[in-house]
Number of protein chains: 2
Amino acid sequence: MEGYDKHAFEPFAVTVDLAVFTVRAGALQVLLIERGQEPYAGCRALPGGFVLPKESAGTAARRELAEETGLSDVSGLHLEQLRTYSEPDRDPRMRVVSVAYAALLPDAPEPRGGGDAASAHWLPYDGLGPLAFDHERILADARERIGAKLEYTCLATAFCPPEFTLGELQQVYETVWGAVLDRPNFRRKVLATPGFVEPVPGAARLTGGRGKPAALYRAGDATALHPPLLRAAAGSPPPTTSPSPPASSSSSSTPTSSKGSSS
Amino acid sequence: MEGYDKHAFEPFAVTVDLAVFTVRAGALQVLLIERGQEPYAGCRALPGGFVLPKESAGTAARRELAEETGLSDVSGLHLEQLRTYSEPDRDPRMRVVSVAYAALLPDAPEPRGGGDAASAHWLPYDGLGPLAFDHERILADARERIGAKLEYTCLATAFCPPEFTLGELQQVYETVWGAVLDRPNFRRKVLATPGFVEPVPGAARLTGGRGKPAALYRAGDATALHPPLLRAAAGSPPPTTSPSPPASSSSSSTPTSSKGSSS
DNA sequence: TCCTTAATGGTCAGTACGACTATAAATCGC
DNA sequence: GCGATTTATAGTCGTACTGACCATTAAGGA
């Protein structure tokens, strides 16, 4: 952009929209508000708001995150810019360009407190109805981005409390990906990645529910996963190990196998 | 964002900035303009411009790409939104929010023609001096993004002409990553990925220079690489094949014995 | 003609990973 | 208290993937 011609551009309103995720009760949940005014009155929407004159979009996003969740300290939460949505007609009232952010929360206190948060609630991602504006698209993009980043970053720990078990970490992957992972293999992979997690020294084992108590871990100092933890390719049948997959009824093809794994 | 309060926001100027890359002469090159006016007069900058009233940012980016390169048809070129830069003081004159895009060009005709393109030129990425505004940062972000996407997408073919040799494709990887790859292994990997490249039927082999002529390939219809083509981890010494690492203290894993799990 | 260069074809070992079995340590039902 | 159940953890085995490396082919140049 060379010289600025004051007549060459239209002023835009700039907002941030937040896709705030958490994993609770084995489901991926999203923080949504219910709109009270037109357009889209009564419709669910992503929390967000205007970027103030002296703010960057990132600053505005973190401010909105604090306001909407009611949390006193959001400085440690993972907040990441997704992309910017700028279709001319995305808001019927005026020209609004929105910078979308994705945020990850460890656990999910029901939001309380000021501002728009009055109407903010956690809702499961699956089965959501239509959202206001282009928020459905933004939310879908956010989920895809988060899922992809689980593969090659240590982002999953951002969904976990400061100390967590490997089972909880695995649940994050399974929930976001919508897939079931093999527990011993997941464990082997995570522990083999230096800096992903580190054991809690005191080793107070968690004995909440049934079963053998699990060891506690903290997030390590690594940020990237090398090599990555790949989710299975979309339409790829599991690389058929056994030469005869559909072994009719119950005749176990190999002396050691016959777990009837894949549905 | 609930109701709009006309006094709650400041109008912003919204621009697009373009990081346009090509691979030429074994070097990664970038399209830059030279600013004629203050601020940063005489300084190099990314091409870009205002988003017009009826445009989306993506539309503006493609329009600018055509204007700056002088190419008549930019519809087939890879253009991808990077992220948005919105620091309040990033432009000393006024509040400007810029949506950055990265574009990939197969070959690099020196730009000609109208508009700002008068001063647009290809320059090697390495050894660039300082750029105007925060464009240095934008360019670095763009390069990192492109490098990362080469790992798990088929993006590299966007740098190549419609028909290319595997050597040319490998050169793209080596140039963007700044690393040297083993040619037989690269070949094996690319050909083993379905849909990455497909041989040109006529199979007119390219016999330009010395050596055995290379077969020609076209980009396939795949977009993702499964599994990815990973570049070596940053600070990882190559996984010592030789049976005697630094045979000092740490006798690492013996096949059946301690797996060295806990720290 | 011999040497150089570059593309292509192949081997081999180590690692990574999926599928699976086995054991340990807790709670629950009785 | 005892076994069934549940969950965590340990380990095995075979295949696929990958890096390092060698061999062959087909061109150009001295």
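Excluded from the calculations below are hydrogen atoms, water molecules and symmetry mates; all remaining heavy atoms, backbone and side chain alike, are included. Proteins get letters first, then strands, A, B, ... in listed order; numbering begins at 1 in each.
Scanning all heavy atoms of the two residues, the minimum distance from A/Ala222 to A/Pro194 falls at CB-O, 3.7 Å.
Checking the phosphate oxygens (OP1, OP2) of C/dC17, no side-chain nitrogen or oxygen of A/Arg188 falls inside 4.0 Å. Here A/Lys189 does not reach the OP1 or OP2 of C/dA16: none of its side-chain N or O atoms lies under 4.0 Å away. Between C/dT5 and B/Lys212, no contact under 4.0 Å exists linking OP1 or OP2 to a side-chain N or O. At D/dT9, one or more side-chain N or O atoms of A/Arg187 fall inside 4.0 Å of OP1 or OP2 (strictly under the cut-off).
For the atom pair A/Glu136 CD and A/Leu128 CG, the distance stands at 8.5 Å (nearest 0.5 Å).
The number of heavy atoms from other shown groups lying within 6.0 Å of CZ (A/Arg83) is above 12.
Rounded to an integer number of Å, the gap from A/Phe186 CZ to D/dA10 P is 15 Å. C/dC17 atom P lies 14 Å from atom NE2 of B/His226, rounded to whole Å. The CG atom of B/Leu191 sits 15 Å away from the C1' atom of D/dC17 (whole-angstrom rounding). Here the C1' atom of nucleotide D/dT7 and the CD atom of A/Gln170 are 11 Å apart, to the nearest Å. Residue A/Phe164 contributes atom CZ, which lies 14 Å from atom P of D/dA8 at whole-angstrom precision.
Between the side chains of A/Tyr85 and A/Asp141, at least one donor-acceptor pair of N or O atoms lies under 3.5 Å.
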side-chain contact (heavy atoms from CB on, under 4.5 Å) evaluation trace for A/Leu31 with A/Glu68: CA-CA 9 Å; A/Leu31 191 66; A/Glu68 306 285 359; 4.2 Å; yes

Residues B/Tyr217, B/Phe196; criterion side-chain contact (heavy atoms from CB on, under 4.5 Å); working and verdict: CA-CA 10 Å; B/Tyr217 293 85; B/Phe196 192 0; over 6 Å; no

Give the C-alpha distance, both sets of side-chain angles, the deciding distance and a yes or no for side-chain contact (heavy atoms from CB on, under 4.5 Å) between B/Val176 and B/Phe159. CA-CA 10 Å; B/Val176 176; B/Phe159 278 110; 4.2 Å; yes

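Tested against A/Gln29 for a side chain to side chain contact (heavy atoms under 4.5 Å, CB included), the candidates A/Thr22, A/Leu123, A/Val20, A/Val23 yield a single pass: A/Thr22.
Between B/Gly167 and B/Asn185, the residue anchored nearer the 5' end of DNA chain C, judged by the nucleotide with its closest heavy atom, is B/Gly167.
Between the side chain of B/Thr193 and the backbone N or O of B/Leu225 there is no donor-acceptor pair closer than 3.5 Å.
If you check C/dC17, D/dC21, D/dG28 against the side chain of B/Arg210, the one that comes closest is D/dG28.
Within a heavy-atom distance below 4.0 Å of DNA chain C, no residue of residues 149-161 of chain B is found. Proximity of residues 172-184 of chain B to DNA chain D (heavy atom under 4.0 angstrom from any strand atom) is restricted to B/Asp182, B/Pro184.
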